[in-house]
**Q** 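Below is one structure. I have some questions about it.
In this chain, numbering begins with 1 at the start of the sequence shown.
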Amino acid sequence: MRKVPLSAAVALAASLLAAPAQAAETHPFQNPALPLEQRVSDLLGRLTLDEKLSLLHQSQPAIPRLGIGYHKNGTEALHGVAWSNHRDDGWSQKFASGTVFPQPVGLASTWDPELVERIGSAVGDEVRGYNATDPVLWGLQVWAPVADLLRDPRAGRNEEGYSEDPLLTGAMATAYGKGLQGDDPFYLKTAPVLKHYLAYNNETDRSLTSSNLTPKLKHEYYEQAFKAPIAADAATGVMASYNLVNGRPDHVNPDLDTVVRSWTGKTLYNVSDAWGPHALTDLERYYDDKPEAFAAVLKAGLDGFTIDDGDGGPLVTHLKAALDQGHITEADVDRAVSRVLSIRTRLGHFDPDGGPYSGIGAEVIDSAAHRRLNREAAGKAAVLLKNSGVLPLSAPKSAAVVGPLAGRLYRDWYSGRLPYQVTPLDGIKERVPEVTTGEGLERIALRHVESGKYLTATGTGPDDNAALIDTTPTAASQWDLTDWTGGVSTLRNAGNGRLLGGDWRSLDTDDTEPDGWYVSQQFALERQQDGSYLIRYAGYETVESWFGLPDAYVGVTADGALGLVPKAQAATFAKEVVSDGIAEAAAQARKAQVAVVVVGSHPFVAGREFHDRDTLRLGEGQRRLIEAVRRANPKTVVVLETSYPVIVDAPTLLWTTHAGAETGHAIADVLFGDVNPGGRLTQTWPASDDLPDLLDYDLVKTGMTYLYGKEKPLYAFGHGLSYTTFGYQGLRVQGEQVSVRVTNTGKVTGDEVVQLYTHQRDSRFAQPVKQLRGFQRVTLKPGESRTVTFRLKRSDLAVWDHTRNRWVVENATHDVLVGSASDRIRRSTTLRVPGETVPVRDLAKPTRAMDFDDYRGVAFADESKVSGEVVEGSAGDWVAFTRASWGGRLTASVASAGGGSFEVRRGSPKGALLATVEVPATGGIYAYGTATATVRPGKGDLYLVFKGDLRIKDFAVAR
């Protein structure tokens, strides 16, 4: 008999105690030597219907009889382990305190996929470390990265995404996802899920608005950022987004099961966003009841329901009813459950030893190596926007470091708590002997004009309501005013250090920082013509229907207390400056050798999930601070720390995102030249707030992003300066290879991000101004040269041919452009690409109305609740089919609730009338009938002009 060492016996006993009770025998699904499909099939066959259904919930109960432990989906890990919800503590939100890396928009600004993959790996390690400490709280399916394209910088979740460009976004999402997954060919360190599919880039009415996508932009732009990581097997699924696309909620978007799964041969485990399935009935009214809605979610390709916190009971009830009513079959359930089991098997959940990553423990959390990586990432992410010659700083003896972000760091909604902080002030103090500082804020008193009394804090409890008390300003009635962005400010009481908040329509000072889902510490001081002010409440809950006061201002309520009232009843205040922190900051700057002004955004204020921005302007107080310090000291550096583009300018301007605990070290590394800035912008920074409708997703028409924009921006996509200079020589195109020689022509080592763009000169279709095709970040010593090579395949130049619904490489000449930014092309050449000539459209063949060439006014709508897209219009709207030929008999598939008509015109919407097509009422928007008319045959441009409310699915004009 073989003896077992005591240590092994103790370990075995401990493992048996930790594992759920199970039958003594082992089953095939627990055998790592068997193929994945066999293991999943075996386990699926052992589950009861109730057990299967329970595995479709985000909180999956243990199955002790089979030795299966509890599993929770959805640890947030966007740029570090952020938070999760605990099953055993009321589903309360629990925050991590591990390494917080730069926000994703900052990670992408490194233009360094290798670095981003290392960061993803570090985050994956920390997820495993937290899972080892509490597997009930910290699940191994992580909801990251975000692949939503940043097509409009006003969108509230800008900091969560990487870029406005699909290639760059796809590269960063692939790198981060690969790092999260680990490098084992089978097992997963974590299971990353891409957020949020599809075309989700607004928070305003996010569950009710429809993103209108033309087929061209859907395929060429919006899908590509998701396709890249899925095709690279760098993600294990996607999360559906809250919005609708072309009239259909994304939670029942059939592309989830067809298009997305076609991008890979691996099994994907797709999940809903929080509460998303309930929105189908409770908010969107798309379905009449839960069983029908939940069945549709399952059949559309979602395998996980993120609903009802930790309670899977309602889901089981609704899906059982769906089975009984025939909406789904058990085969539909089995298909989804097998996907769940596939990913859980790869996570090691059913292996006796937990798989190769099970040994990672808590020691990796906030490790020294991860702190060093954080500092490296934050340094590489910084973008030098402008430099008047002040940077890099050369060993100054004194410095004034001022501004609202000089001595503070902030987390965001999708980060954990910072385990420590190195602020910009801290980083500079380590290098400069004499440093003075200040927030550069005005301390004000707000005197109620009617009563003469001041807005006064009464305590720090939730029931200590602010009131009109002091007749002479005291500390309790003095407020430090921080103008953040978009005209939204916070007011910190000088007496108790707490922020004024509008909690439940009363005013109190019980919060130390803006935080939580409904950030109630937000106000806007609106100056009136007579110099007085109204105080608008800008808390996030004002957009909720239950708030009931959409235009809320500070005023005196009916009972005489201070609170929130309609604007018509707003109180008028005089703003009195008690002490001028801006002047004090300027005085400090005047005495110092250099001045560093640290300004920017607060991640919880003026834009975040659920709240878009109206303007991109830096707060007025922060702008005045910059100007005052600049006037006092020509050697002024402005450090701008934001989650999104803002409109601000300064002769020397360094941008960083909110970059985690090592932000101060990284900023100092760049300011003093230890790190030569090599970060580049991943978004266009507009020069004006005069931007198109936030809800218009047609980039071709709006001109948003560098791809279609023709206006000169404040800073262009790809922009970023260096402390050295680079020369470009010898651009060559040979076969599928583009090469250029890059030389460091300056005096210090530096990083250049070499960017390859193309522009197709001739096309049947609207083409981008230019489009990114490749990039490389290279480090060069002074005088060093390197040949940078890109692969440019012919297939990379394919465009979506909506006239034939396929990709096509056209016979065309392309400009090949290489440079350091989209607006700084250093070398160019041309490339003649042989290909197809798109033929004249033959409208005698059945043509989808959605495959138009141009349009105005129409909406893109759902053909049915299951699949298909149609054009919906009313009087004056039109769609055009250009470069076409047609016959004499028009037959159209149409739907109209009340009846209508459309005209067929040639050449323009007001051109020659060829026919008027009458559309009788068909019985509803999903009930399609046939409408016919005689049309004069011809060639050219054909317009369908709506004269009444109706939908057109397809048509043919036969010969």
**Q** When the aromatic ring centroids of Tyr197 and Phe226 are compared, is their separation below 6.0 Å?
**A** yes
**Q** Is a donor on one side and an acceptor on the other found under 3.5 Å between the side chain of His79 and the backbone of Phe101?
**A** yes
**Q** Report yes or no: is the cationic atom of Arg613 (NZ for Lys, CZ for Arg) under 6.0 Å from the centre of the six-membered ring of Tyr644, at an angle within 45° of the ring normal?
**A** yes
**Q** At their closest point, which heavy atom of Leu298 faces which heavy atom of Ala336, and how far apart are they?
**A** CD1-CB, 3.6 Å
**Q** Is the positively charged end of Arg608 above the ring of Trp517, judged by distance under 6.0 angstrom from the centroid and angle within 45° of the axis?
**A** yes
**Q** Under 4.0 Å between a Lys/Arg side-chain N and an Asp/Glu carboxylate O for Asp612 and Arg154?
**A** no
**Q** Within 45 degrees of the ring normal and closer than 6.0 Å to the centroid, is that where the cationic atom of Lys865 sits relative to Tyr286?
**A** yes
**Q** Between His57 and Phe305, does the ring centre distance come in under 6.0 Å?
**A** no
**Q** Are Arg344 and Phe350 in a cation-pi contact, defined as NZ or CZ under 6.0 Å from the six-membered ring centre and within 45° of the axis?
**A** no
**Q** Please state whether the rings of His27 and Phe29 are parallel, tilted or perpendicular, taking 30° and 60° as the class boundaries.
**A** parallel
**Q** Test side chain to side chain contact (heavy atoms under 4.5 Å, CB included) on Tyr697 and Thr702 and set out the steps.
**A** CA-CA 8 Å; Tyr697 278 70; Thr702 65; over 6 Å; no
**Q** May I ask you to check if Lys195 and Tyr414 form a cation-pi contact, with NZ or CZ under 6.0 angstrom from the six-membered ring centre and within 45° of the axis?
**A** yes
